[in-house]
Amino acid sequence: MFRDIARLMEKILSEMPAHDPKIIGFTIIGGLPEGAPYPDFAEDEDGESDVEVVEGDDCIYITAVADARADGAPYVTFQEDSVTLCTGGDEETVIDLDCEIDILHSFYNVQHGVIDAVCRKKSAPGEVARS
């Protein structure tokens, strides 16, 4: 049911006119029934990844589901034109970006099983950076 709601919200948000307020990413996390196996969030049945990349005017937003069963802590590493995402354990995903980012002003946070990374775009030479 939650997956259907998420797809419905995605459809509604993608059809909103450009001048309406924007919503960048959302996550629905439902509780598991007692004794139920932990779901595998790596890919859903359609082969879609649970990593969402949304580009805004000043930033690129990356959202992913962290693997609570993994031994290692989730983390994000920023490079000038890519982001390395580890949702837990040893497996890493490299996300190539279409522009350069400001590594020092990019950040991520992990909360309630979700990794949110904000990649601030680099300003063009002579352009004043927006804050």
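All residue numbers refer to positions in the sequence shown, counting from 1. Side-chain atoms are counted along with the backbone in the values below, which use heavy atoms only and exclude waters and symmetry mates. If you're wondering where the values come from, they're calculated on a predicted model, not measured in any experiment.
- Put simply, CZ on Arg120 and CG on Leu104 are 12.5 Å apart, with the number rounded to the nearest 0.5 Å.
- Put simply, the side chain of Cys99 reaches to within 4.5 Å of the side chain of Ile60, judged on heavy atoms.
- We find the CD1-CZ distance between Ile62 and Phe78 to be 7.0 Å, quoted to the nearest 0.5 Å.
- Two residues are said to be in side-chain contact when any heavy atoms from C-beta on lie closer than 4.5 Å; Asp116 and Val118 fail this criterion.
- Separating the CG atom in Asp81 from the CD1 atom in Ile103 is a distance of 9.0 Å, to the nearest 0.5 Å.
- Checked against side chain to side chain donor-acceptor pair (under 3.5 Å), Ser82 has the following partners two or more places apart in sequence or in another chain: Gln79.
- With sequence neighbours excluded, the residues forming a side chain to side chain contact (heavy atoms under 4.5 Å, CB included) with Ala64 are Val51, Leu85, Thr87, listed by chain and number.
- Of all the heavy atoms in Cys119 and Ser106, the pair that sits closest is CA-OG, 3.3 Å.
- The heavy-atom pair separating Pro74 from Ile115 by the smallest distance is CB-CD1, 3.5 Å.
- Sorted by first and then second residue, the pairs that involve residues 92-103 and meet salt bridge (charged side-chain N to carboxylate O under 4.0 Å, His left out), not counting sequence neighbours, are Glu100-Lys122.
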